[in-house]
> 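Just passing along the structure, written as structure tokens.
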Amino acid sequence: MIDIQEFICVTCPVGCNIRAEVVNNQLVAIHGQSCQRGEAFVQEELRDARRMLTTTVQVVGGTLPLLPVRTASPIPKRLLLLLASELRRLQVQAPVEAGQPVLPNALGTGVDVIATRGITAA
């Protein structure tokens, strides 16, 4: 049985709507991509979808109330909401330097959540 899956490609600014035909977890046809990267994007999404997470965490004793953070590298897409929930409860003590890990080995992925700017102590 053919499974039709739809994707919005994020590899370039065009954002193509791609339809993929999948049989037994194998890509058999792809429609809608406007560049070569579309097929590679769909194959990677089917194999192991990963994304970067960018958000903020609370700062205690700092000159700003929120610290912008991101994952140091992409994590499995299925873990994004769980990590966001964990970061919502996290409080970081100032001072913090840009690039400093604020949550090492997030959810056991081996990927750190790092600060993307510095915040000095109040």
Side-chain angles (χ1 to χ4, degrees):
M1 178 172 211
I2 295 177
D3 179 28
I4 304 294
Q5 297 186 26
E6 296 187 9
F7 301 89
I8 297 175
C9 184
V10 296
T11 59
C12 75
V14 176
C16 295
N17 290 314
I18 299 176
R19 290 176 47 107
E21 297 176 19
V22 180
V23 176
N24 296 327
N25 294 324
Q26 295 291 333
L27 181 64
V28 294
I30 183 171
H31 310 281
Q33 77 278 17
S34 62
C35 69
Q36 300 172 331
R37 294 183 291 180
E39 184 171 351
F41 170 78
V42 169
Q43 288 176 343
E44 185 65 23
E45 284 293 289
L46 291 171
R47 187 180 67 76
D48 183 25
R50 292 180 166 266
R51 297 288 187 279
M52 298 286 287
L53 176 64
T54 304
T55 189
T56 58
V57 297
Q58 293 180 345
V59 177
V60 176
T63 54
L64 295 172
L66 295 175
L67 173 70
V69 298
R70 69 171 172 83
T71 52
S73 60
I75 64 168
K77 188 176 173 181
R78 62 185 163 72
L79 297 177
L80 287 175
L81 291 177
L82 184 59
L83 180 55
S85 178
E86 185 170 324
L87 291 172
R88 194 173 310 125
R89 295 185 300 273
L90 182 67
Q91 292 185 337
V92 177
Q93 182 68 45
V96 181
E97 294 183 24
Q100 176 182 331
V102 296
L103 183 62
N105 191 22
L107 301 176
T109 61
V111 176
D112 295 343
V113 175
I114 60 172
T116 59
R117 75 166 291 169
I119 294 183
T120 57

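No hydrogens, no waters, no symmetry mates; every other heavy atom, side chains included, goes into these values.
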> Of all heavy-atom pairs between Thr63 and Ala121, which one has the smallest distance, and what is that distance?
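Scanning both residues completely, I find the closest heavy atoms to be CG2-O, 3.8 Å.
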
> Which pair of heavy atoms, one from Ala122 and one from Gly62, lies closest together, and at what distance?
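In terms of heavy atoms, the two residues are closest at CB-O, 3.7 Å.
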
> What is the minimum heavy-atom distance between Ser34 and Val14, and which atoms define it?
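Looking at all heavy atoms of both residues, the closest pair is OG-CG1, 3.9 Å.
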
> Only pairs at least two apart or in different chains count here, so list each salt bridge (Lys or Arg N to Asp or Glu O under 4.0 Å) that has a residue in residues 2-22.
Glu6-Arg19

> Establish whether Leu80 and Phe41 are linked, either directly or via other cluster members, by ILVMFWY side-chain heavy-atom contacts under 4.5 Å.
no

> Taking Val28 as the starting point, is it possible to reach Phe7 by hopping between hydrophobic residues whose side chains are less than 4.5 Å apart?
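No; tracing contacts between hydrophobic side chains, which count when under 4.5 Å, never links both residues.
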
> Minimum heavy-atom separation for Leu27 and Gln43, please, with both atom names.
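It is CD2-CG, 3.6 Å.
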
> Could you tell me which residues satisfy salt bridge (Lys or Arg N to Asp or Glu O under 4.0 Å) with Arg37, sequence neighbours excluded, listed by chain and number?
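Partners of Arg37 under the salt bridge (Lys or Arg N to Asp or Glu O under 4.0 Å) test: none.
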
> With side chains defined as the heavy atoms from C-beta onward, is the minimum distance between Gln5 and Leu46 less than 4.5 Å?
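SC-SC contact between Gln5 and Leu46 confirmed.
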
> Tell me whether Ile8 at atom CD1 has more than 12 heavy atoms from other residues, nucleotides or ligands lying less than 6.0 Å away.
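At most 12 heavy atoms, drawn from other residues, nucleotides or ligands, come within 6.0 Å of this atom.
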
> Side chains of Val113 and Leu83: does their closest heavy-atom pair fall under 4.5 Å?
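A side-chain contact under 4.5 Å exists here.
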
> Partners of Arg51 by salt bridge (Lys or Arg N to Asp or Glu O under 4.0 Å), sequence neighbours excluded?
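Partners of Arg51 under the salt bridge (Lys or Arg N to Asp or Glu O under 4.0 Å) test: Glu45.
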
> Between Gly38 and Ile30, what is the shortest heavy-atom contact and its length?
O-CD1, 3.9 Å

> Sequence neighbours left out, what passes side chain to side chain donor-acceptor pair (under 3.5 Å) with Gln93? Give chain and number order.
none

> Which value, rounded to the nearest 0.5 Å, describes the distance between Glu97 atom CD and Thr120 atom OG1?
11.5 Å

> For Arg89, check salt bridge (Lys or Arg N to Asp or Glu O under 4.0 Å) against everything at least two apart and list the hits.
none

> What about Ile18 and Val10, same hydrophobic cluster or not, with Ile/Leu/Val/Met/Phe/Trp/Tyr joined at side-chain heavy-atom distances under 4.5 Å?
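The answer is yes; both residues are in one hydrophobic cluster.
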
> How about Val59 and Leu64: do any of their side-chain heavy atoms sit closer than 4.5 Å?
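No - every pair of side-chain heavy atoms lies 4.5 Å or more apart.
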
> Are Leu90 and Leu79 connected in the hydrophobic side-chain network, where two residues link if heavy atoms are under 4.5 Å apart?
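Yes: a chain of side-chain contacts under 4.5 Å links Leu90 to Leu79.
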
> Output the distance between atom CG (Leu82) and atom CG (Leu107), rounded to the nearest 0.5 Å.
5.0 Å

> Check salt bridge (Lys or Arg N to Asp or Glu O under 4.0 Å) between Glu39 and all other residues, then give those that pass, not counting sequence neighbours.
none

> Would a distance-only check, ignoring hydrogens and angles, find a side-chain to backbone donor-acceptor pair under 3.5 Å from Asn105 to Gly110?
yes

> Mind checking the OG1-CZ spacing from Thr71 to Arg50? Nearest 0.5 Å is all I need.
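Answer rounded to 0.5 Å: 10.0 Å.
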
> Using 0.5 Å steps for rounding, measure from the OG1 atom of Thr56 to the CZ atom of Arg88.
10.0 Å

> Is there a side-chain contact between Leu53 and Leu87 in this structure, where contact means two heavy atoms from C-beta onward sitting under 4.5 Å apart?
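Yes; the side chains approach each other to less than 4.5 Å.
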
> Leu67 and Ile114: same hydrophobic cluster, using ILVMFWY side-chain contacts below 4.5 Å?
no

> If you count heavy atoms of other groups shown closer than 6.0 angstrom to CG of Asn24, is the number above 12?
no

